[in-house]
Amino acid sequence: MPEDHDWEAYKVPPTRTPVSERTTSVPNPVDYFQTAFSNVLDAPVTFIRGWIERWQNSNKFYYYHQKFRRVPDLSQCLEGDYLCYYEAEAQWRRDRMVDQEIVEIVRERMAACKQREGPNQFQNCAKEMELLAQVTKAYQDRYGELGYHGNARTCLMKQKHRMMEERKAAQKNQ
Amino acid sequence: MAAMSRVLRAAAAWAVRRASSAGAAGITGITGTTGITGIGPRLPGTLVPVRHSGDHGKRMFIIKATSFYDSRFLNLLRFYLFLTGIPVAVLLTYINVFIGEAELAEIPEGYVPEHWEYYKHPITRWIARYVLDAPEKNYEKDMALLDVEVRKSELRLLELEARRLMRHRGDGPWYHYETPDKNLVDNSMKATPDN
């Protein structure tokens, strides 16, 4: 069964709608709609889902997130050691996937903040905006224009060029 | 009695008159006293009230284009789709309802999970366990292949280097060429140097 969204990720603040005082004797039709919906749709579906979950809880099994050991990086490999290159390349690919997921999560948080705040988004979402800007800039610096055939070697060369530029800029400033 | 017979006779005369007037219009009476001759269009002979069934009405032969091929195609389509579709649907429903997906948990201390225990859906786990190779096995196979190729390439480079040096220095076992015997050389033309 597909899992629900993680409700703990963002604690929605309690709503501040005021309690309305009844001024008419006409009953609220929304109550009728709510009872109809819950009796016709909500209760049977919840009952069946609860039955299924009780059945599945009797014989549960688990899955885990795989933890990979860190291996020497591409910059720590000796030249010509192709086995070290292979392991470093695999580790670099895993790290790139993790970084892509991190950027995706930060983007989702930004979108959720915008949706929540509505017209107040430019004021209240400043932290999420800042975080997204930093994370995307960092991702672009590291993996930015490597292209489809980017691998650990091209990424290392990009880092080397970046450090050279920084050193030149630092020397020019002196 | 006489009045009744006179009424009856009047009724019969009236019926004949009516039949004759209808005969003039073209209908032949039941008695057949005034039949019209000739070949004009006329209504069917006997006037009988016909009763049709209440729900369907008069049975009609409706002329329309054939639906034989269409209905045959749709029947066959449904048959062949459901032949494997229904077992697959039943199997998937059973698996998703009664077996269910796995739950995420932290790896317990000192326990190394099997490679199929990293997947959620039971069918994926089954495929990872019984059909595919473990990713560690694949990794090691790739590394073994790389290792063999690395050794081959190293030996080939060494061989090329040795060949180059032996050809250059001439002090190795390779690059020995058979030269002709020096006793076979004819030096007689060197006796007259100023030719």
Side-chain angles (χ1 to χ4, degrees), chain A residues 1-9 44-74 76-98 101-102 104-105 151-153, chain B residues 90-130 132-158 160-161:
Chain A
M1 304 280 170
E3 56 190 41
D4 290 326
H5 301 286
D6 186 15
W7 299 110
E8 302 298 313
V45 170
T46 315
F47 174 73
I48 294 176
R49 175 78 196 217
W51 182 82
I52 291 178
E53 285 196 342
R54 258 179 291 121
W55 186 281
Q56 286 180 2
N57 280 349
S58 56
N59 38 7
K60 251 190 204 229
F61 50 99
Y62 300 99
Y63 76 107
Y64 312 103
H65 281 327
Q66 190 163 10
K67 290 194 179 20
F68 292 92
R69 281 199 296 263
R70 299 300 294 184
V71 289
D73 205 14
L74 189 61
Q76 298 164 8
C77 284
L78 297 177
E79 189 184 337
D81 188 357
Y82 291 96
L83 297 178
C84 185
Y85 291 173
Y86 182 80
E87 296 206 313
E89 177 75 31
Q91 182 175 263
W92 180 83
R93 294 226 172 134
R94 287 194 296 267
D95 290 343
R96 189 177 57 168
M97 283 204 296
V98 167
E101 291 296 320
I102 290 174
E104 194 61 37
I105 287 174
N151 53 17
R153 199 173 53 81
Chain B
V90 166
L91 188 70
L92 288 183
T93 310
Y94 175 79
I95 290 178
N96 280 321
V97 169
F98 292 101
I99 298 183
E101 291 185 342
E103 248 191 58
L104 185 57
E106 286 291 325
I107 301 180
E109 284 292 328
Y111 175 66
V112 178
E114 303 284 341
H115 67 275
W116 67 82
E117 288 178 355
Y118 293 116
Y119 299 104
K120 193 160 62 158
H121 193 85
I123 298 181
T124 320
R125 283 169 81 105
W126 188 87
I127 294 175
R129 186 171 175 182
Y130 291 110
L132 299 176
D133 280 330
E136 293 92 6
K137 180 174 173 192
N138 216 18
Y139 196 81
E140 295 294 326
K141 266 164 59 176
D142 289 348
M143 300 255 274
L145 190 65
L146 262 185
D147 189 43
V148 166
E149 293 296 318
V150 162
R151 283 176 215 261
K152 272 161 67 174
S153 75
E154 278 177 7
L155 286 178
R156 283 172 186 156
L157 282 173
L158 283 177
L160 286 173
E161 186 64 20

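Every chain is numbered from 1 and lettered A, B, ... according to where its sequence line falls, protein lines coming before strand lines. All of these numbers come straight from a predicted model, not from anything done at the bench.
For B/Glu114, no part lies near chain A; criterion is any non-hydrogen pair under 4.5 Å.
Of the listed residues (A/Tyr62, A/Tyr64, A/Tyr82), the one with the most heavy-atom contacts under 4.5 Å to chain B is A/Tyr64. Put simply, of B/Glu106, B/Arg125, B/Glu149, the one with the most heavy-atom pairs under 4.5 Å next to chain A is B/Arg125.
In terms of heavy-atom proximity, B/Val97 sits nearest to A/Ile52 at O-CG2, 3.7 Å.
B/Tyr111 OH: more than 12 foreign heavy atoms inside a 6.0 Å radius. Within 6.0 Å of the OH atom in B/Tyr94, the count of heavy atoms belonging to other residues, nucleotides or ligands does not exceed 12. Annotation for B/Tyr119: atom OH does not count as buried by contact number, only 12 or fewer foreign heavy atoms lying within 6.0 Å. Applying the 6.0 Å contact sphere to CZ of A/Arg94 captures more than 12 heavy atoms from other residues, nucleotides or ligands.
Atom-to-atom distance recorded for A/Gln56:CD and B/Glu103:CD is 9.5 Å, nearest 0.5 angstrom. Between B/Asp142 atom CG and A/Glu87 atom CD the span is 11.5 Å, to the nearest 0.5 Å. We find the OH-CG distance between A/Tyr86 and B/Leu145 to be 9.5 Å, quoted to the nearest 0.5 Å.
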